[in-house]
*Asks:* 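One structure is given below, represented as structure tokens, and several questions about it will come after.
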Amino acid sequence: MASPYGDITKVETTGASDKTAKQCHSSAGVEASQKLANEDLERMKTYKNIIFSVGRDKQIDPAVIAGIISRESRAGAALKDGWGDYGNAFGLMQIDKRYHTIRGEWYSETHLSDATQILVDFIKVIQRKFPTWPKDHQLKGGISAYNAGDRNVRTYDKMDIGTTGDDYANDVVARAQWYKKNGF
């Protein structure tokens, strides 16, 4: 599926930081992100139909949605009754109740649609903020902003400083690229 927001397979990435890579007992890098994505694959398959439906509707590559789901909730494994982040974030894509309205079940198409719209809105903000960046850079910036807000994105090379693990966009991109090669 061609997305108006860029091609995830063309986005540069360094993958997971040491902090994130500890989840799978690996050292930092793309391989750690890929290993984490693979660990989530069987659970992710449960949501594949709704991921593809939302991807079509929002014109976002389903692999990007899967990459965020893997990072945010480990495809649901990191949630307690649908909640994470000390009870502040809800669902597979972890919508923060302090900033957004929560709708649907934590694993529902409604939730994924709402969360993906938040991502799309951030990508559009980054497009306006950095109109000369290539679409693939704007996509990565939008992914970073999904985690830490658009004010955190100041430069392409340092957009992950201040995100969770200081690697959010790089880790999500590496996971999304892996999912792209593995059925998403």
*Asks:* Please tell me whether Val125 and Leu139 are part of a single hydrophobic cluster in this structure, the criterion being side-chain heavy atoms less than 4.5 Å apart.
*Replies:* no
*Asks:* I'd like to know whether Lys97 forms a salt bridge (Lys or Arg N to Asp or Glu O under 4.0 Å) with Asp85, so could you lay out the CA-CA distance, the side-chain angles of the two residues, the decisive distance to 0.1 Å, and finally the verdict.
*Replies:* CA-CA 10 Å; Lys97 71 179 184 182; Asp85 190 25; over 6 Å; no
*Asks:* Test side-chain contact (heavy atoms from CB on, under 4.5 Å) on Lys140 and Asn170; report intermediate values, then the result.
*Replies:* CA-CA 8 Å; Lys140 188 175 183 182; Asn170 278 291; 2.8 Å; yes
*Asks:* Assess whether atom CZ of Arg151 is packed by more than 12 heavy atoms of other residues, nucleotides or ligands within 6.0 Å.
*Replies:* no
*Asks:* What is the ring orientation for Phe130 with Trp133, classed by angle as parallel under 30°, tilted 30 to 60°, or perpendicular over 60°?
*Replies:* parallel
*Asks:* Can you find a side-chain donor-acceptor pair between Thr164 and Asn147 that sits under 3.5 Å?
*Replies:*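 Side chains of Thr164 and Asn147: pair found under 3.5 Å.
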*Asks:* Using a strict threshold of under 4.0 Å (side-chain N to carboxylate O), is an ion pair present between Lys10 and Asp136?
*Replies:*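 Answer for the salt bridge query: no.
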*Asks:* Which atoms form the tightest heavy-atom contact between Gly141 and Val153, and what is the distance?
*Replies:*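 The answer is O-CG2, 3.6 Å.
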*Asks:* Are Lys124 and Asp121 ion-paired here, with the side-chain N under 4.0 Å from a carboxylate O?
*Replies:*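 Salt bridge flag = no for Asp121 with Lys124.
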*Asks:* Indicate whether the side chain of Asp171 and that of Thr20 have a donor and an acceptor atom separated by less than 3.5 Å.
*Replies:* no
*Asks:* Whether the Asp157 and Thr155 side chains hold a donor-acceptor pair (N or O, under 3.5 Å, no angle test) is what I'd like checked.
*Replies:*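 No, no side-chain donor-acceptor contact under 3.5 Å.
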*Asks:* For residues His111 and Leu92, report the shortest heavy-atom separation together with the two atoms involved.
*Replies:* NE2-N, 3.1 Å
*Asks:* Decide, yes or no, whether a salt bridge links Glu39 with Arg74 under the criterion of side-chain N to carboxylate O below 4.0 Å.
*Replies:* yes
*Asks:* Phe90 and Trp83: which non-hydrogen atoms are nearest, and at how many Å?
*Replies:* CD1-CE2, 3.4 Å
*Asks:* Testing the 3.5 Å rule here: is there a donor-acceptor pair between the side chains of Tyr168 and Glu72?
*Replies:*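 Per modelled atom types, Tyr168 and Glu72 side chains form a pair under 3.5 Å.
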*Asks:* Please assess Gln138 against Tyr5 for the test side-chain contact (heavy atoms from CB on, under 4.5 Å), listing each intermediate value before the final yes or no.
*Replies:* CA-CA 7 Å; Gln138 293 168 338; Tyr5 305 112; over 6 Å; no
*Asks:* How about Glu31: does its CD atom have over 12 heavy atoms from other parts shown lying under 6.0 Å from it?
*Replies:* no
